[in-house]
Every structure is written in C-alpha cells, then in structure tokens.
> 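Pasting a structure below so you can have a look.
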Amino acid sequence: MTTQTEPSQDASEQLLEAFKALANPVRLQLLQWLRDPEAHFPVHEGIADPHEVGVCVSHIQAKTGLAQSTVSAYMASLQRAGLVRSTRIGKWTHYRRDEERIAQLVDLMGRAL
C-alpha cells in the first residue's frame with residue numbers, strides 16, 4: 001500500500017504565503033497583468049524592457065488608480081510570496097513575474113493537495 005506523504009511545514013508555509021497574496025482580487029489582477037505587460041501597460045513610456053526588468057510601479061499605480069503606498073504594499077506582498085521580483089533603476093522600482101518560482105509553487109501545490 002502506498003501512502004501520500006504530508007507536505008513539509010516549509011512547503012505549507014510557502015503555499016499559504018502565495019494563497020494569502022492571491023486572495024486579494026487586486027493583487028491577483030496585478031499578477032495577471034504582469035503576465036503580458038505590453039498588453040496592459042504603456043511600455044513605450046518605460047525606461048526598461050518589461051520582460052527583463054519589469055513594469056515601473058508608477059505605471060502600475062496609474063493603471064490601478066490606487067495610492068502609490070497601496071500599490072507598493074500589494075507588490076511587497078506578491079514579492080514576499082515569491083510571485084514577483086523587483087529591480088531598482090534610479091528612484092524607480094520595476095516589477096516582473098518570477099515565472100520559475102510560480103512554476104515551483106504550482107508544482108508544490110499539485111503535490112501537496
């Protein structure tokens with residue numbers, strides 16, 4: 001008889017952090033927008049490649065219509081969960097999806113649930 005092993009505490013914590021980040025509809029929408037930045041943000045106004053460096057937080061803030069502090073808090077939550085990476089260019093912070101980490105979390109979820 002084969003038994004399914006319980007996910008480790010670390011794996012459970014990683015999944016919980018991701019689920020918490022994605023539980024907010026705006027954060028979920030942000031992650032979806034970042035999947036195809038050219039379709040959702042004014043890339044021609046950017047100072048960096050949106051796939052390599054990411055989308056400037058000011059463009060994210062303009063699209064959502066939320067306060068910059070709220071957008072920064074949302075992006076920090078997504079970053080803590082390992083769903084996005086940030087890059088500083090001058091005084092601007094750019095965010096992009098961490099596709100490798102997202103794939104790991106999906107795999108972990110498939111094995112844990």
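The residues of the chain are indexed from 1 along the displayed sequence.
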> Quick one: CG on Leu34 to CG on Leu78, what's the gap to the nearest 0.5 Å?
8.0 Å
> Examine distances only and state if a side-chain atom of Gln61 and a backbone atom of Ala67 form a donor-acceptor pair shorter than 3.5 Å.
no
> Using a cut-off of 6.0 Å, state whether more than 12 heavy atoms not belonging to Arg85 lie near its atom CZ.
no
> Minimum heavy-atom separation for Ser72 and Val57, please, with both atom names.
OG-CG2, 4.3 Å
> Taking the side chain as every heavy atom from C-beta outward, state whether Val71 and Tyr95 have any atom pair closer than 4.5 Å.
no
> About how many Å separate CZ of Arg101 and CG of Leu83, when rounded to the nearest 0.5 Å?
8.0 Å
> Taking atom OG of Ser77 and atom CZ of Arg27, what is their separation to the nearest 0.5 Å?
4.0 Å
> Going through the distances and angles, do Gln32 and Gln29 end up as a side chain to side chain contact (heavy atoms under 4.5 Å, CB included)?
CA-CA 5 Å; Gln32 291 170 335; Gln29 181 68 66; 3.7 Å; yes
> Give a yes or no on whether the backbone of Arg97 and the side-chain of Arg35 come within a donor-acceptor separation of less than 3.5 Å.
no
> What are the two closest non-hydrogen atoms of Val84 and Met75, and how far apart are they?
CG2-O, 3.9 Å
> Is there a continuous path of hydrophobic side-chain contacts, each under 4.5 Å between heavy atoms, that joins Leu16 to Leu31?
no
> Taking the side chain as C-beta and beyond, is there a heavy-atom pair between Tyr74 and Leu66 under 4.5 Å?
yes
> Once rounded to the nearest 0.5 Å, what's the spacing between atom OG of Ser12 and atom CG of Leu108?
8.0 Å
> Let me confirm one number: the NZ-OG distance from Lys63 to Ser58, rounded to the nearest 0.5 Å.
14.0 Å
> If you measure from CG on Asp10 to CG on Leu15, what distance do you get to the nearest 0.5 Å?
10.0 Å
